[in-house]
K.L.:
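What follows is a single structure, and I will ask about it in a moment.
Here is the naming used below: chain letters follow the sequence lines, and residue numbers restart at 1 for every chain.
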Number of protein chains: 2
Amino acid sequence: MSIENDIKQKTFRNPYQKMAINLVYTSNWLLYRQSELFKEYDLTLQQYNVLRILRGQQGRPIRVSDISERMLDKSSNTSRLVDKLLLKNYAERSLCANDRRAVDVIITKQGMEVLEQIDPRVEEWENKLNVITEEQALMLSDMLDLLRESVQE
Amino acid sequence: MSIENDIKQKTFRNPYQKMAINLVYTSNWLLYRQSELFKEYDLTLQQYNVLRILRGQQGRPIRVSDISERMLDKSSNTSRLVDKLLLKNYAERSLCANDRRAVDVIITKQGMEVLEQIDPRVEEWENKLNVITEEQALMLSDMLDLLRESVQE
DNA sequence: AATTTTCAAATGTATCTACATTTATTGTAA
DNA sequence: TTACAATAAATGTAGATACATTTGAAAATT
């Protein structure tokens with residue numbers, strides 16, 4: 001359904017506004033569907049995001065501040081997210097050897113296992129997005145990069 | 001900067017995953033910038049969203065449930081958002097004549113005024129997005145519509 | 001070396017959000 | 001018409017989030 005119907009707004013100030021609104025709306029839509037999936041595994045979206053970052057390390061530990069940098073939602077409180085993962089035995093924490101301010105985090109076997117359970121479900125979900133071609137998807141991604149670049153901080 | 005650099009992830013499972021991640025990342029990026037702007041006027045993003053929906057009514061009252069339907073973030077608690085706007089004298093609430101369960105909400109003069117102050121700032125911001133053409137913006141919006149359509153609920 | 005600044009993580013706190021429940025009203029079926 | 005379901009809004013509450021502050025450690029400056 002078109003964004004006009006979804007939010008019952010017939011006109012937009014300009015194409016850029018329409019696009020921006022659709023972008024936020026679609027992101028919320030996507031996050032909501034995916035959250036439902038993660039909820040089955042008692043994970044929040046942010047916890048899942050951290051877990052995936054941990055797995056991406058392939059055995060190497062990663063410090064809390066580096067996790068924060070890689071989060072999609074930069075405002076997350078990574079300390080507390082890691083706390084939650086520790087409670088579930090999905091992650092382990094240890095002091096960083098060469099910088100005692102920092103804390104190294106690593107995924108556990110159980111953390112890997114829960115991700116492996118979720119993987120096919122996420123993949124299945126992502127595959128539904130192939131109403132657009134792979135080329136279009138990459139083009140869309142490139143356009144998003146451009147948009148962010150254009151607004152200097 | 002490319003999404004790869006922004007979240008320090010070099011590879012993605014497939015183009016759809018890359019696009020989806022970029023979508024969420026860019027939405028967060030956009031919301032964060034805009035929130036900073038609204039904060040200057042002591043409004044949260046959600047409060048601003050409600051105010052704009054109220055203005056869109058052009059004088060006609062709108063019930064709380066209809067506001068919810070039009071929100072970009074459907075999970076917002078519209079009752080409490082309207083409470084906040086009442087406290088700031090940006091909105092008024094009255095019982096709906098033909099359905100005493102419902103509550104009619106209408107924007108006040110002060111609500112209109114604060115929006116008018118914000119308008120040029122938002123427009124200025126949106127205009128920075130014109131690194132892509134209007135046609136590309138509309139195409140991007142259409143592709144987002146397609147994506148949502150493709151995943152049946 | 002001592003002092004100051006910067007940095008990493010954790011924590012305190014008010015606010016916000018998600019979700020279930022409640023209250024009041026309307027609609028529908030027995 | 002009574003009983004039951006459906007709807008609209010408000011509210012209670014646990015947990016999450018945003019943001020400032022604190023704690024401890026490292027780096028830079030004096």
Side-chain angles (χ1 to χ4, degrees), chain A residues 24 27-29 31-51 53-54 61-88 91-106, chain B residues 24 27-29 31-40 42-50 53-54 61-88 91-106:
Chain A
V24 171
S27 170
N28 283 335
W29 168 84
L31 290 175
Y32 184 74
R33 314 286 133 185
Q34 296 210 342
S35 292
E36 281 181 322
L37 171 55
F38 302 141
K39 209 178 291 170
E40 293 180 36
Y41 301 91
D42 192 31
L43 284 174
T44 67
L45 204 73
Q46 309 285 25
Q47 288 168 17
Y48 173 78
N49 197 202
V50 172
L51 264 189
I53 290 168
L54 292 182
I62 180 174
R63 39 167 74 191
V64 174
S65 55
D66 289 339
I67 298 174
S68 296
E69 268 193 9
R70 297 178 194 196
M71 294 288 287
L72 295 186
D73 181 353
K74 303 294 189 203
S75 66
S76 294
N77 190 325
T78 310
S79 276
R80 284 183 176 128
L81 285 175
V82 171
D83 282 347
K84 291 285 150 66
L85 294 178
L86 289 180
L87 283 175
K88 291 170 187 167
E92 273 168 8
R93 195 154 47 181
S94 63
L95 279 177
C96 183
N98 46 334
D99 184 346
R100 287 193 297 158
R101 290 171 300 183
V103 167
D104 274 339
V105 185
I106 196 164
Chain B
V24 171
S27 170
N28 283 335
W29 169 84
L31 291 175
Y32 184 73
R33 312 288 132 185
Q34 296 209 342
S35 291
E36 282 182 322
L37 170 54
F38 301 141
K39 209 177 292 169
E40 293 180 37
D42 192 30
L43 284 174
T44 67
L45 204 72
Q46 309 287 25
Q47 289 168 17
Y48 174 77
N49 197 203
V50 172
I53 291 168
L54 292 181
I62 180 174
R63 37 166 77 189
V64 173
S65 56
D66 288 339
I67 298 175
S68 297
E69 269 193 7
R70 296 179 195 196
M71 295 287 288
L72 295 185
D73 181 353
K74 302 294 189 203
S75 65
S76 294
N77 190 326
T78 310
S79 278
R80 284 182 178 130
L81 285 175
V82 171
D83 281 347
K84 289 286 148 65
L85 294 178
L86 289 180
L87 282 175
K88 291 171 187 166
E92 273 168 9
R93 194 152 50 179
S94 62
L95 279 177
C96 184
N98 47 334
D99 185 346
R100 288 192 298 161
R101 289 170 302 183
V103 167
D104 274 339
V105 185
I106 196 164

K.L.:
How far apart are the closest heavy atoms of A:Ser27 and B:Val24, and which atoms are they?
P.N.:
OG-CA, 3.6 Å

K.L.:
Write down the distance between CZ (B:Arg80) and P (C:dT15), rounded to a whole number of angstrom.
P.N.:
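About 14 Å, once rounded to whole Å.
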
K.L.:
Below 4.0 Å from chain A heavy atoms, what is the first contacting nucleotide of DNA chain D and what is the last?
P.N.:
D:dA16 to D:dA26

K.L.:
How many whole angstroms separate atom CZ of A:Arg93 from atom P of C:dA8?
P.N.:
17 Å

K.L.:
Might you point out which heavy atoms bring A:Ser68 and A:Thr78 nearest each other, and give the distance in Å?
P.N.:
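Answer, listing the atom of A:Ser68 first, then A:Thr78: OG-OG1, 2.7 Å.
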
K.L.:
Taking atom CG of B:Asp99 and atom CZ of B:Arg63, what is their separation to the nearest 0.5 Å?
P.N.:
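Those atoms lie 5.0 Å apart.
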
K.L.:
If you look at every heavy atom in A:Leu95 and A:Ala102, which pair is closest and at what distance?
P.N.:
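So the minimum-distance heavy-atom pair works out to CD2-O, 3.9 Å.
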
K.L.:
Return the value, rounded to whole Å, for the distance between atom CG of A:Leu31 and atom C1' of C:dA18.
P.N.:
15 Å

K.L.:
For C:dA9, does OP1 or OP2 lie under 4.0 Å from any side-chain N or O of A:Ser79?
P.N.:
no

K.L.:
Counting only N and O atoms by type, is there a donor-acceptor contact under 3.5 Å from the side chain of A:Asn28 to the main-chain atoms of B:Leu72?
P.N.:
yes

K.L.:
Is the shortest side-chain heavy-atom distance between B:Leu43 and B:Leu85 below 4.5 Å?
P.N.:
yes

K.L.:
Does A:Ala102 or B:Thr44 map to a spot on DNA chain C nearer the 5' end, using the closest nucleotide for each?
P.N.:
A:Ala102

K.L.:
Once you round it to whole Å, what is the distance between C1' of C:dT5 and CZ of A:Arg101?
P.N.:
11 Å

K.L.:
Whole-Å distance between C:dT17 P and A:Asp73 CG?
P.N.:
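My rounded result for the distance is 13 Å.
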
K.L.:
List the atom of B:Ser35, the atom of B:Leu45, and the distance in Å for their closest heavy-atom pair.
P.N.:
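Smallest heavy-atom distance, with atoms named: OG-CD1, 3.6 Å.
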
K.L.:
To the nearest angstrom, how far is A:Arg63 atom CZ from C:dA10 atom C1'?
P.N.:
15 Å

K.L.:
Got a second to check how far B:Asp66's CG is from B:Ile53's CD1, nearest 0.5 Å?
P.N.:
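Going from the CG atom of B:Asp66 to the CD1 atom of B:Ile53 covers 10.0 Å.
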
K.L.:
Specify the separation, in whole Å, of atom OH of A:Tyr32 and atom P of C:dT17.
P.N.:
15 Å

K.L.:
If you apply the rule side-chain hydrogen bond (donor to acceptor under 3.5 Å, both in side chains), what do you find for B:Gln47 with B:Lys88, and how did you get there?
P.N.:
CA-CA 11 Å; B:Gln47 289 168 17; B:Lys88 291 171 187 166; 2.6 Å; yes

K.L.:
Could you give the CE-to-P distance, from A:Met71 to C:dA9, as a whole number of Å?
P.N.:
14 Å

K.L.:
Does B:Asp83 reach a base, just sugar-phosphate, or nothing at all? Heavy atoms under 4.0 Å.
P.N.:
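The residue B:Asp83 makes no contact with any strand.
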
K.L.:
Given a 3.5 Å cut-off on both pairing distances, which stems involving DNA chain C, each at least three consecutive Watson-Crick or G-U pairs, are present, if any?
P.N.:
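In DNA chain C, stems of three or more pairs: C:1-30 with D:1-30.
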
K.L.:
Would you say B:Lys84 reaches C:dC16's phosphate, i.e. side-chain N/O to OP1/OP2 under 4.0 Å?
P.N.:
yes

K.L.:
Would you mind telling me which residue lines up with the more 5' stretch of DNA chain D, B:Val64 or A:Leu81, judged by nearest nucleotide?
P.N.:
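Nearest-nucleotide comparison on DNA chain D picks B:Val64.
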
